[in-house]
Amino acid sequence: MKLRGRLTVWFALAALVPIVAAAWWTRHVIASSSFADFNALRDSAAERAGHEVDRLKKQVEVTDKTLASHTHPFVGGLLLDLAKQTGPHLDYSVEQKLRDQSLPLMRGLSLDVLTITDKTDRVLCAPHAPGKTGESNHPEVRERATRTVPRQKPGEAFFVREDITIDLKSETALVAEASAIAQDGTYAVAVAAARRVTSDLLVAVRTDARVDARIVGADGTVVVPAKNSDAEWAQLSHDPRQDVPLLGPDGKPIARIEVAVSDRELTAVLHNLNLVSGALGLGALIGVVLIGFFVARSTTRDLDLVVAGSLAAARRDLDHRVPVRSDDEIGQVAKAFNFMMEDLKASQERLVIAERIAAWQEIARRLAHEIKNPLTPIQMAMDTLRKTWKKQHPSFGEILDESTATVMEEADRLKHIVTEFSAFARMPKPEFGRLDLNELVRGSLALYQGGAAPIEIKLFEGLPRIDADKNQLSQVVLNLVENARDAIGTRDGGRIQVETRLGEASDRVMLIVEDNGPGIPGDLKDKVFAPYFTTKHGKGGTGLGLAIVHRIVSDHGGRITVSDAPGSGARFAIELPLRNGTALLTSRI
């Protein structure tokens, strides 16, 4: 059995028992937690309902206490009017004032019931039920205010049913009411203020979608319906329910708030837990075998990567690196392999430097040859002039013109060669500044738009700014594009693509110029950046264009490579660091 298979079996056997135990314990913990959450939600909903009831009662108590004061403009004024009465009945003007002011007062205080009776229990005003005004024998207001009702605390609000007339329609409503005595000297009135119990009382209870509530009277009639339909409420009512009583003035429940919490989610959770627990027993073995297989494959895959790296080294692919996925022994082997590849690459780079020195020796030889070629015709022309002058040749004037023309032509040729090499040798160091590579590419290629060979520009959005010399990088872009234009010439379908992108390590940017020309032969790829190497001698090429590009990129701390473009043509790829002085780690371009 291979290592991968042995690891799979060992891992499966070692993990099977803990997984089964963990599954059972997880089911127990989740079920207990679900029951606890359900009970907590139900208790919390009932508690919120109690808080809302207390808040409504407190609001009514405060409002009634404020009204039942001889300093209150309305009630205080009423007490003064009573003190001025000479007969058993109120003056018409007082009755009119009560009718005019009581209704706006009740609405302004957000009350649904306002009843004021005198010491004979006669109703002085009742804007919620105008028909009661003037009625006698209403001792309940005074009795509740004087706390003669059993089990009623001083000033405590209670729930009671009151007749309310709205738009000439009378109905009996459940209200929270409080009563108090307003007194000024010997004159006193009983003031009862109430607010109607509506669905607003249940808003805070229904904050969770699983919770619903309704208000039911002592006789079983629904005062405030539930949010769910009757059928849905009937389903909810089978679950454990919490009741919050609404006590009347005698301390007995006159109605109740029924709070129900849906246990559908709890039931679903328990059902799913049972299914999962049952399936885990059967699936545990399959699961751990699969996990063991994947873990074993992951372990042996790291070894496979090291093997692949060794094969890459055999192919002299020195840019290949083995991913280091861990710090264990396999990770240490991968690191050691990468160090070896770095060392081999450094050795190769030293070899490349030696080859470049040899290339410069070749340049010197070629430069000497280029200089020697003009010197030969110059020497011959001057020798001819000498001989014809000594002989006093009759055609000396003609020979002089021809010879001097030859000398001047060759001298210009020498001057051109010296000027180009001098300019290359004196290339200035870059002046770094922060710039946007995308803007530089757009600006450099603006003059090429609409040319014979279309240039496709693909710019990476959000490319970070870099430290670079704007003029020198612009020269790089133009030189590479000109080379591409020369390569495609006048062929049909000629195309040039200039692309920017973010480097693999996100610590560099990339500039890529591709064309679909004939490409560069493989034996010349290592020579294209050598000074004075050119394949365009017949076209006036000097061989310094790509050498200048290479030098600018190197001065920026970057790297340039040439490869075959997909399909056909050449692909020049440049890597530039985001910050000047930052070394670029090896990566694949």
Side-chain angles (χ1 to χ4, degrees), residues 46-68 106 109-129 131-133 135-165 170-183 188-202 205 213-224 241-259:
E47 185 178 355
R48 287 197 300 271
H51 286 327
E52 288 301 303
V53 170
D54 292 340
R55 185 176 64 85
L56 177 60
K57 291 169 63 176
K58 188 64 176 177
Q59 290 175 348
V60 173
E61 290 169 4
V62 171
T63 302
D64 188 67
K65 184 178 179 180
T66 303
L67 271 173
M106 182 181 72
L109 295 175
S110 299
L111 296 174
D112 296 289
V113 172
L114 176 60
T115 304
I116 301 178
T117 62
D118 60 14
K119 59 183 179 180
T120 64
D121 297 328
R122 181 165 53 95
V123 178
L124 299 180
C125 70
H128 64 284
K132 288 185 177 181
T133 302
E135 289 184 357
S136 301
N137 196 25
H138 283 276
E140 67 275 4
V141 179
R142 177 178 49 78
E143 291 174 354
R144 294 166 184 171
T146 56
R147 299 182 297 279
T148 58
V149 178
R151 302 182 64 180
Q152 181 184 343
K153 296 179 182 179
E156 182 182 14
F158 49 85
F159 291 90
V160 69
R161 290 185 176 274
E162 287 281 359
D163 294 330
I164 299 176
T165 301
S170 181
E171 61 176 288
T172 301
L174 179 66
V175 297
E177 184 174 309
S179 299
I181 297 295
Q183 187 167 356
V189 292
V191 180
R195 286 184 182 172
R196 188 171 185 172
V197 177
T198 65
S199 58
D200 293 341
L201 186 65
L202 305 179
V205 182
R214 68 178 185 176
I215 301 177
V216 179
D219 57 356
T221 59
V222 177
V223 178
V224 177
R241 192 176 63 225
Q242 294 277 44
D243 288 343
V244 178
L246 304 181
L247 303 180
D250 57 356
K252 296 180 180 179
I254 191 174
R256 67 182 181 275
I257 299 177
E258 296 180 348
V259 179

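- In this structure, the salt bridge (Lys or Arg N to Asp or Glu O under 4.0 Å) partners of R55, at least two apart in sequence or on a different chain, are E52.
- Closest non-hydrogen pair, L201 versus I257, comes out as CD2-CD1, 3.9 Å.
- Contact check for E258 versus D243: side-chain heavy atoms found under the 4.5 Å cut-off.
- You'll find the side chain of F159 stays beyond 4.5 Å of the side chain of V60, heavy atoms only.
- Residues passing the salt bridge (Lys or Arg N to Asp or Glu O under 4.0 Å) test with D121 are R142, sequence neighbours excluded.
- Residue T165 comes nearest to A129 through the heavy atom pair OG1-CA, 4.1 Å, listed as atom of the first residue, atom of the second, then distance.
- Applying the salt bridge (Lys or Arg N to Asp or Glu O under 4.0 Å) rule to R195 yields no partners; only residues at least two apart in sequence or on another chain are considered.
- In plain terms, the two heavy atoms of V223 and G217 that are nearest each other are CG2-N, 3.8 Å.
- Here the shortest heavy-atom pairing between I164 and A173 reads CD1-CB, 3.8 Å.
- If you take OG1 on T117 and CD1 on I181, they are separated by 7.0 Å, rounding to the nearest 0.5 Å.
- Note that CG of L246 is 8.5 Å distant from NZ of K57, once rounded to the nearest 0.5 Å.
- The CD atom of E177 sits 8.0 Å away from the CG atom of D64 when rounded to the nearest 0.5 Å.
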